[in-house]
Protein chains: 2
Amino acid sequence: MTSEQRRLQPRKQPRQVRAELTRQRILTAAAHVFAEYGYAAGTTNRIAERARISIGSLYQYYPNKDAILAELLTRHLDGDRTTETLRRYKESPEPLETVIRAFVRTVIENHLDDPRLLQIMIEQAPRSGELLERITRLEWEMIGDLRELLHGHPEVRVRDKDTAARLVASTVELTVHQLIASPGSIDVTRLENELVAMITGYLRA
Amino acid sequence: MTSEQRRLQPRKQPRQVRAELTRQRILTAAAHVFAEYGYAAGTTNRIAERARISIGSLYQYYPNKDAILAELLTRHLDGDRTTETLRRYKESPEPLETVIRAFVRTVIENHLDDPRLLQIMIEQAPRSGELLERITRLEWEMIGDLRELLHGHPEVRVRDKDTAARLVASTVELTVHQLIASPGSIDVTRLENELVAMITGYLRA
DNA sequence: GTCTATATGTCGATAGAC
DNA sequence: GTCTATCGACATATAGAC
């Protein structure tokens, strides 16, 4: 009897775990493929090939290509600790340089994993509503936190604090991006030191 | 007679002029389309439609899509005055702030035309040999000029002048890009002032 | 649940009428 | 010289066998 044969077989592996592993494999493969080919040329066939599953299977786990990039981006955004760092130092008695260093270091850490992929995600991600909105919201959250910090910290003497907040946010995010991802990659410690010096000096002036 | 009918018609317009105008129309249309849709989704059909010519005609003027972007990029690069500005101020007795302001202003001016298109060209331009090489060369030329300036100017006291040159180059290029192109566009004068303050202070520290 | 084979759509580019 | 109509290549996504 079929039913009895089934009973004789060992229990199946728990499905959720295997499925989750496959999803993870797809994401890892996609990250490599996107980083190497860019989003447009990073085809689903290549992703499936790299994950060593068939294209048909891939579509059992993700409904379309955008969804794969969206999940990669979501996971990155979830790992962002910038807001947390900024808020921890708000109204703190720490010297300005300490605060700025913590901020810069957090941004750097957020980008050490796979700088090239990050660039792809930010530059070529499908400019679709929801996700783009979330990125913008995070960006402005960071600017808002910075602005409060600038207003609250006694060492800060820069006049136009609103413009300063935007400039600092952009400067750190963009230079970290570019200089970490660039071929003749800069030494990360130096980058941190110089960025901290530049920004701290500017805010105190 | 057909031949006689032809003779009765007025002389044709000079061809080169008309052709050059059409090329220009295509470029303008392409600039708008690329800026709005990005490079991949900025299809040749859309470009032709916007230029109000047929797709077939478009291919009489440019051999392929890349060539259109290439010409847009070439025209932009030809208009770049950064190197010129930096060299004019090398070993000059002008105060550091004056020199930096001229530099920042030149970069800003280079990007006022169509910031969104610029972003597309730099981020999504086909990473093909020749053009990419030219961009990289210009970038390192700028860094080299900056480094010499830093070494030669008496007010500059920053220690790690090589890293500083890279950081300054990246900071100015990237923040100008982003902050001019961004939706809640920043006031250009403020951007200039704050950038100048930040960089000058950093270099003198 | 995974595979192969293929449908479906869209792009860049071309052919050929006018 | 400009157009319409269409080709060939390639991508995403699906159907159906196993």
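Naming convention: chains lettered A, B, ... in sequence-line order (proteins, then strands); numbering from 1 in each chain.
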K.L.:
Would you tell me if any nitrogen or oxygen in the side chain of T43(A) comes within less than 4.0 Å of OP1 or OP2 on dA11(D)?
P.N.:
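No, because none of the side-chain N or O atoms of T43(A) sits under 4.0 Å from OP1 or OP2 of dA11(D).
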
K.L.:
Rounded to whole Å, please give me the gap between CD in E49(A) and C1' in dA11(D).
P.N.:
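So the two atoms are 15 Å apart, to the nearest Å.
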
K.L.:
Does K65(B) qualify as a cation-pi partner of F34(B), given the criterion of NZ or CZ under 6.0 Å from the six-membered ring centre and within 45 degrees of its axis?
P.N.:
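Output no; distance or angle outside limits.
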
K.L.:
Pick base, sugar-phosphate or nothing for N45(A), based on heavy-atom distances below 4.0 Å to the nucleic acid.
P.N.:
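Base, at least one base atom sits under 4.0 Å.
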
K.L.:
Mind calculating the distance between CZ (F34(B)) and C1' (dC11(C)) to the nearest angstrom?
P.N.:
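The distance from CZ of F34(B) to C1' of dC11(C) comes to 13 Å, rounded to the nearest Å.
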
K.L.:
What's the CZ-P distance between R46(B) and dA13(C), to the nearest Å?
P.N.:
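For the pair R46(B) CZ and dA13(C) P, the rounded distance is 16 Å.
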
K.L.:
Would you please name every residue forming a side chain to side chain donor-acceptor pair (under 3.5 Å) with D162(A), sequence neighbours left out?
P.N.:
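Residues passing side chain to side chain donor-acceptor pair (under 3.5 Å) with D162(A): none at all.
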
K.L.:
Between the protein and nucleotides 2-4 of chain D, list the N/O to N/O atom pairs that are separated by less than 3.5 angstrom.
P.N.:
{"from": "dT2(D)", "atom 1": "OP1", "to": "R18(B)", "atom 2": "NH2", "distance (Å)": "3.3"}
{"from": "dT2(D)", "atom 1": "OP2", "to": "Y61(B)", "atom 2": "OH", "distance (Å)": "3.0"}
{"from": "dC3(D)", "atom 1": "OP2", "to": "S54(B)", "atom 2": "N", "distance (Å)": "2.6"}
{"from": "dC3(D)", "atom 1": "OP2", "to": "S54(B)", "atom 2": "OG", "distance (Å)": "3.1"}
{"from": "dC3(D)", "atom 1": "OP2", "to": "S57(B)", "atom 2": "OG", "distance (Å)": "3.0"}

K.L.:
Find the distance N64(A):CG to dT8(C):P and express it as a whole number of Å.
P.N.:
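Atom-to-atom, N64(A) to dT8(C), this comes out as 19 Å.
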
K.L.:
Kindly give the heavy-atom pair with the smallest separation between A30(A) and I68(A), and that separation in Å.
P.N.:
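A30(A) and I68(A) have their closest heavy atoms at CB-CG2, 3.5 Å.
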
K.L.:
Ignoring the backbone of K65(B), work out which of dG12(C), dA11(D), dT14(D) is nearest its side chain.
P.N.:
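Of the candidates, dG12(C) comes closest.
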
K.L.:
Check whether any side-chain nitrogen or oxygen of Y59(A) sits under 4.0 Å from OP1 or OP2 of dT14(D), and answer yes or no.
P.N.:
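It does not, given that no N or O in the side chain of Y59(A) lies less than 4.0 Å from OP1 or OP2 of dT14(D).
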
K.L.:
Can you measure Y39(B) atom OH to dC11(C) atom P for me and round it to whole angstrom units?
P.N.:
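In whole Å, dC11(C) P and Y39(B) OH are 14 Å from each other.
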
K.L.:
Rounded to whole Å, how long is the line connecting atom CZ of R25(A) with atom C1' of dG1(C)?
P.N.:
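In whole Å, dG1(C) C1' and R25(A) CZ are 14 Å from each other.
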
K.L.:
Going by distance alone, is a donor N or O of one side chain under 3.5 Å from an acceptor N or O of the other, for T82(B) and D80(B)?
P.N.:
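Checked: T82(B)/D80(B) side chains pair up, N/O donor to acceptor below 3.5 Å.
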
K.L.:
Say whether D66(B) and Y39(B), considering side chains only, have a donor N or O and an acceptor N or O under 3.5 Å apart.
P.N.:
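Side-chain D/A pair, D66(B) to Y39(B): present.
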
K.L.:
Within a reach of under 6.0 Å around CZ of R190(B), are more than 12 heavy atoms found that belong to other residues, nucleotides or ligands?
P.N.:
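No, CZ of R190(B) has 12 or fewer neighbouring heavy atoms, counting only those of other groups under 6.0 Å.
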
